[in-house]
Amino acid sequence: MVKPIGVLALQGDYREHIATFGAIGVEAVKVRSVEEIDACAGLVIPGGESSVIHRLSATYNLFQPIRERIADGLPTFGTCAGLIMLASEILDKTDDQEPFGGLDVSVRRNAFGNQLDSFETDLEFSGIESLVHAAFIRAPIVERVGKDVEVTAKLSDGRIVGVRQGNVMGISFHPEVTGETRIHALFAEIVAAAR
Ligand code: GLN
């Protein structure tokens, strides 16, 4: 039996991720326990509020297991708050917030400030032929990338909004809310190749 992709369902827009995979015929299920995560071939950390995802993962005894599985090579994809949780360093984090890690990057939370909380734009994405329509909602920016990190997307001013390191992908925006399925398809390919 082919293992599905698990979407961490503690907080945030996990339903939209499951629906996006469904739209391209990829089985995805919500996960809230170590057993459920271990029955999956890949993991998605959704958008939402990263400090809450951190806190709830600790409450559910998932923080350390998730951290270890990502370090052991579990293909993982984070959007927005999910990207923040995959960073090795969070800038402007809440006091006790810690990331799962997986990407050697520094990510600043809420990087667009109050005047430009949320916006949409089209951008190039490596591996995707035509422009991707991207929705940014209180979004983070990647301010530093380590030497093994590939930049997959930038804003027109050069700020980094997409990164990949091995089987771990993170993006600042939310394809799962705009009907954009191609980035989820890329992740499904990474998961299939790693199976
Ligand atoms: N600002 C949120 C955070 O810090 C992320 C917002 C989002 O996921 N849309 O986690």
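First listed ligand is number 1; within each ligand, the first listed atom is number 1. Residue indices begin at 1 and follow the sequence shown.
Each of the atoms 3 (C), 4 (O) of ligand 1 lies under 4.0 Å from some heavy atom of R109. Proximity to G47 (heavy-atom distance under 4.0 Å) selects the following atoms of ligand 1: 8 (O). Within ligand 1, counting atoms from 1 as listed, the ones closer than 4.0 Å to a heavy atom of I84 are 3 (C), 4 (O), 10 (O). Close contacts of ligand 1 with I137, meaning ligand atoms under 4.0 Å from a residue heavy atom, involve 6 (C), 7 (C), 9 (N). If you number the atoms of ligand 1 from 1 as listed, the ones under 4.0 Å from a heavy atom of S50 come out as 3 (C), 4 (O), 10 (O). Atoms of ligand 1 found under 4.0 Å from any heavy atom of R138, numbered from 1 in the order shown, are 1 (N), 2 (C), 5 (C), 6 (C).
Annotation: atom 7 (C) of ligand 1 to nearest protein heavy atom, C80 SG, 2.8 Å. Remark: minimum distance from atom 6 (C) of ligand 1 to any protein heavy atom is reached at G48 O, 3.2 Å. Among all non-hydrogen protein atoms, the one lying nearest atom 1 (N) of ligand 1 is N110 OD1, 2.6 Å.
Ionic pairing of E49 and R55 is not present here: no N-O contact between side-chain nitrogen and carboxylate oxygen is shorter than 4.0 angstrom. Between R69 and D38, at least one side-chain N (NZ, or NE/NH1/NH2) sits under 4.0 Å from a carboxylate O, which counts as a salt bridge.
Residue F136 is tested with D117, L155, I171 for a side chain to side chain contact (heavy atoms under 4.5 Å, CB included); the sole match is L155. Of the candidates V107, V161, L103, V142 forms a side chain to side chain contact (heavy atoms under 4.5 Å, CB included) with just one, namely V107.
Of the N or O atoms in T79, none lie within a sub-3.5 Å distance of an N or O in ligand 1.
Looking at E189, its side chain never comes within 3.5 Å of a backbone N or O of L186 through a donor-acceptor pair. When atom types are taken as modelled, the side chain of S88 and the backbone of G101 share no donor-acceptor pair closer than 3.5 angstrom.
Taking the side chain to side chain donor-acceptor pair (under 3.5 Å) definition, one finds that T79 meets it with H17, E176, sequence neighbours left out.
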